Amino acid sequence: MDSARGAVAPQPPVTVRMFRRRFPATRRAARLARTAVVRQLQEWGEPTEAAAVVVAELAANAVLHAQVPGRSFEVALVLLPRGPLRIEVTDTCGERVPSARPASPEAESGRGLLLVEALAVRWGVTLGPRPRKTVWAELDEGSAPGTG
(Lines give C-alpha, C1' and ligand atoms only; values in the text may rest on other atoms or scores of the structure.)
Protein backbone atom coordinates (compact mmCIF):
# COMPACT_ATOMS: atom_id res chain seq x y z
CA MET A 1 0.00 0.00 0.00
CA ASP A 2 1.26 3.49 -0.84
CA SER A 3 1.09 5.17 2.57
CA ALA A 4 1.23 8.66 1.06
CA ARG A 5 -1.99 8.21 -0.88
CA GLY A 6 -3.59 5.14 0.66
CA ALA A 7 -3.71 3.44 -2.75
CA VAL A 8 -3.13 -0.24 -3.35
CA ALA A 9 -0.65 -1.18 -6.07
CA PRO A 10 -2.27 -3.16 -8.90
CA GLN A 11 -1.52 -6.88 -8.82
CA PRO A 12 -0.81 -8.92 -11.94
CA PRO A 13 -3.68 -11.20 -12.94
CA VAL A 14 -3.50 -14.80 -11.75
CA THR A 15 -4.03 -17.36 -14.48
CA VAL A 16 -5.49 -20.67 -13.39
CA ARG A 17 -5.45 -23.27 -16.13
CA MET A 18 -8.17 -25.89 -16.05
CA PHE A 19 -9.12 -28.82 -18.25
CA ARG A 20 -12.01 -31.22 -17.68
CA ARG A 21 -13.35 -33.97 -19.91
CA ARG A 22 -15.66 -36.96 -19.48
CA PHE A 23 -14.96 -40.34 -21.09
CA PRO A 24 -16.96 -43.58 -21.36
CA ALA A 25 -15.65 -46.29 -19.03
CA THR A 26 -13.80 -48.30 -21.69
CA ARG A 27 -10.15 -49.27 -22.18
CA ARG A 28 -10.05 -47.25 -25.39
CA ALA A 29 -11.31 -44.18 -23.55
CA ALA A 30 -8.58 -44.59 -20.92
CA ARG A 31 -6.02 -44.33 -23.73
CA LEU A 32 -7.89 -41.33 -25.19
CA ALA A 33 -7.80 -39.63 -21.76
CA ARG A 34 -4.01 -39.94 -21.72
CA THR A 35 -3.76 -38.50 -25.23
CA ALA A 36 -6.10 -35.61 -24.41
CA VAL A 37 -4.08 -34.70 -21.30
CA VAL A 38 -0.79 -34.79 -23.20
CA ARG A 39 -2.24 -32.51 -25.90
CA GLN A 40 -3.58 -30.08 -23.32
CA LEU A 41 -0.28 -29.91 -21.44
CA GLN A 42 1.61 -29.38 -24.71
CA GLU A 43 -0.77 -26.51 -25.52
CA TRP A 44 0.02 -24.99 -22.12
CA GLY A 45 3.77 -25.52 -22.65
CA GLU A 46 4.03 -27.89 -19.69
CA PRO A 47 5.96 -31.17 -19.29
CA THR A 48 3.95 -34.22 -20.26
CA GLU A 49 5.85 -37.40 -19.34
CA ALA A 50 4.96 -37.83 -15.66
CA ALA A 51 1.40 -36.57 -16.18
CA ALA A 52 0.89 -39.03 -19.04
CA VAL A 53 1.91 -41.95 -16.81
CA VAL A 54 -0.27 -40.78 -13.90
CA VAL A 55 -3.34 -40.23 -16.08
CA ALA A 56 -2.85 -43.57 -17.82
CA GLU A 57 -2.73 -45.40 -14.48
CA LEU A 58 -5.62 -43.56 -12.84
CA ALA A 59 -7.84 -43.81 -15.93
CA ALA A 60 -7.06 -47.52 -16.31
CA ASN A 61 -7.99 -48.05 -12.65
CA ALA A 62 -11.26 -46.16 -13.16
CA VAL A 63 -12.12 -48.43 -16.08
CA LEU A 64 -10.91 -51.75 -14.66
CA HIS A 65 -11.82 -51.51 -10.98
CA ALA A 66 -14.68 -49.04 -10.80
CA GLN A 67 -16.62 -49.61 -13.97
CA VAL A 68 -20.36 -49.34 -13.70
CA PRO A 69 -22.13 -50.17 -16.98
CA GLY A 70 -23.44 -47.07 -18.75
CA ARG A 71 -21.41 -44.66 -16.64
CA SER A 72 -18.29 -42.68 -17.36
CA PHE A 73 -15.20 -41.28 -15.72
CA GLU A 74 -13.89 -37.74 -15.76
CA VAL A 75 -10.35 -36.41 -16.00
CA ALA A 76 -9.45 -32.93 -14.76
CA LEU A 77 -6.25 -30.89 -14.70
CA VAL A 78 -5.74 -27.82 -12.55
CA LEU A 79 -2.58 -25.74 -12.84
CA LEU A 80 -2.03 -22.71 -10.63
CA PRO A 81 0.84 -20.29 -11.24
CA ARG A 82 3.94 -21.60 -9.48
CA GLY A 83 1.93 -24.48 -8.08
CA PRO A 84 1.76 -28.20 -8.68
CA LEU A 85 -0.19 -29.72 -11.53
CA ARG A 86 -3.21 -31.46 -10.00
CA ILE A 87 -4.59 -34.44 -11.90
CA GLU A 88 -8.00 -35.80 -10.90
CA VAL A 89 -9.84 -38.88 -12.15
CA THR A 90 -13.41 -39.22 -10.91
CA ASP A 91 -15.48 -42.39 -11.26
CA THR A 92 -18.79 -43.67 -9.96
CA CYS A 93 -17.61 -46.40 -7.63
CA GLY A 94 -16.98 -44.70 -4.30
CA GLU A 95 -17.19 -47.94 -2.33
CA ARG A 96 -13.90 -49.18 -3.88
CA VAL A 97 -11.10 -46.99 -2.55
CA PRO A 98 -7.69 -47.69 -4.09
CA SER A 99 -4.50 -48.12 -2.11
CA ALA A 100 -0.89 -48.57 -3.19
CA ARG A 101 0.46 -51.92 -2.08
CA PRO A 102 3.30 -54.01 -3.41
CA ALA A 103 2.35 -56.56 -6.04
CA SER A 104 3.85 -60.01 -6.00
CA PRO A 105 6.82 -60.42 -8.36
CA GLU A 106 4.76 -62.82 -10.50
CA ALA A 107 1.78 -60.46 -10.85
CA GLU A 108 1.16 -58.99 -14.28
CA SER A 109 -0.62 -55.95 -12.84
CA GLY A 110 -1.10 -54.12 -9.58
CA ARG A 111 1.76 -51.62 -9.77
CA GLY A 112 -0.10 -48.59 -11.12
CA LEU A 113 -0.59 -46.74 -7.85
CA LEU A 114 3.02 -47.45 -6.91
CA LEU A 115 4.01 -45.58 -10.09
CA VAL A 116 1.66 -42.74 -9.19
CA GLU A 117 3.13 -42.63 -5.69
CA ALA A 118 6.67 -42.50 -7.12
CA LEU A 119 5.90 -39.65 -9.55
CA ALA A 120 3.61 -37.49 -7.43
CA VAL A 121 4.60 -35.20 -4.58
CA ARG A 122 1.32 -36.33 -3.00
CA TRP A 123 -1.78 -38.25 -4.00
CA GLY A 124 -5.02 -39.32 -2.40
CA VAL A 125 -8.69 -40.11 -2.69
CA THR A 126 -11.66 -37.81 -2.08
CA LEU A 127 -15.05 -39.46 -1.61
CA GLY A 128 -18.36 -38.01 -2.78
CA PRO A 129 -20.78 -36.92 -3.71
CA ARG A 130 -22.15 -40.46 -3.66
CA PRO A 131 -21.54 -42.66 -5.54
CA ARG A 132 -18.39 -40.89 -6.78
CA LYS A 133 -14.78 -40.84 -5.75
CA THR A 134 -11.89 -38.79 -7.09
CA VAL A 135 -8.36 -40.13 -7.12
CA TRP A 136 -5.95 -37.23 -7.43
CA ALA A 137 -2.21 -36.67 -7.72
CA GLU A 138 -0.10 -33.54 -7.64
CA LEU A 139 3.06 -33.20 -9.72
CA ASP A 140 5.70 -30.53 -9.27
CA GLU A 141 6.41 -28.20 -12.17
CA GLY A 142 8.98 -29.77 -14.43
CA SER A 143 8.23 -33.29 -13.18
CA ALA A 144 9.48 -36.08 -15.30
CA PRO A 145 9.58 -39.79 -14.54
CA GLY A 146 11.98 -40.35 -11.70
CA THR A 147 12.13 -36.70 -10.55
CA GLY A 148 8.88 -36.57 -8.52
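Values below: all heavy atoms of this structure, side chains included; hydrogens, waters and symmetry mates excluded. Bear in mind that the values here come from a model prediction, so they are computed numbers and not experimental data. Along the sequence shown, the residues carry numbers beginning at 1.
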| remark: Between A62 and V89 the two heavy atoms that sit nearest each other are CB-CG1, 3.9 Å
| Distance-minimising heavy-atom pair for A33 and A59 | CB-CB, 4.4 Å
| field | Connected via hydrophobic side-chain network under 4.5 Å: V38 and V63 | value | no
| Just how far is it from atom CG of L85 to atom CG of L41, taken to the nearest 0.5 Å? | 5.5 Å
| task | Go through L77 and Q40 one step at a time and tell me if the side-chain contact (heavy atoms from CB on, under 4.5 Å) criterion holds. | result | CA-CA 9 Å; L77 303 175; Q40 185 62 58; 4.3 Å; yes
| query | When rounded to the nearest 0.5 angstrom, what is the spacing between CZ in R71 and OG1 in T92? | reply | 4.5 Å
| message | Membership question, hydrophobic clusters at under 4.5 Å side-chain separation (ILVMFWY): are V54 and F23 in the same one? | response | yes
| field | Test log, rule side-chain contact (heavy atoms from CB on, under 4.5 Å), inputs E117 and W123 | value | CA-CA 7 Å; E117 193 170 73; W123 75 277; 3.5 Å; yes
| Are V116 and V53 co-members of a hydrophobic cluster defined by side-chain heavy atoms under 4.5 Å apart? | yes
| query | Could you give the distance from CZ (R130) to CZ (R132), rounded to the nearest 0.5 Å? | reply | 11.5 Å
| message | Between K133 and D91 (salt bridge meaning N to carboxylate O under 4.0 Å), is one present in this structure? | response | yes
| Side chains of V16 and L79 in contact at under 4.5 Å (non-hydrogen atoms) | no
| message | Measuring from atom CZ of R39 to atom CZ of R34, what distance do you get when rounded to the nearest 0.5 angstrom? | response | 11.5 Å
| field | Non-neighbouring partners of R28 that pass side-chain contact (heavy atoms from CB on, under 4.5 Å), sequence neighbours left out | value | T26, R31, L32
| Side chain proximity check, T90 to F73, heavy atoms < 4.5 angstrom | no
| task | List in chain and number order the residues that pass side-chain contact (heavy atoms from CB on, under 4.5 Å) with R22, two or more places apart in sequence or in another chain; answer none if no residue qualifies. | result | S72, E74
| query | With the 4.5 Å side-chain cut-off for hydrophobic clustering, are L114 and W136 part of the same group? | reply | no
| note | CZ of R17 to CD of E43, rounded to nearest 0.5 Å, is 9.5 Å
| request: With the side chain counted from C-beta on, respond yes when V75 and R21 share a heavy-atom pair under 4.5 Å apart, and no when they do not. | output: no
| request: List the steps and the verdict of side-chain contact (heavy atoms from CB on, under 4.5 Å) for L113 and N61. | output: CA-CA 9 Å; L113 287 177; N61 283 350; 3.8 Å; yes
| task | Flag the pair V121 / L139 as yes when at least one side-chain heavy-atom distance between them is below 4.5 Å, and no otherwise. | result | no
| message | Once ring-ring contact (aromatic ring centres under 6.0 Å, His included) is applied, do any residues pair with F19, and if so which ones, sequence neighbours excluded? | response | none
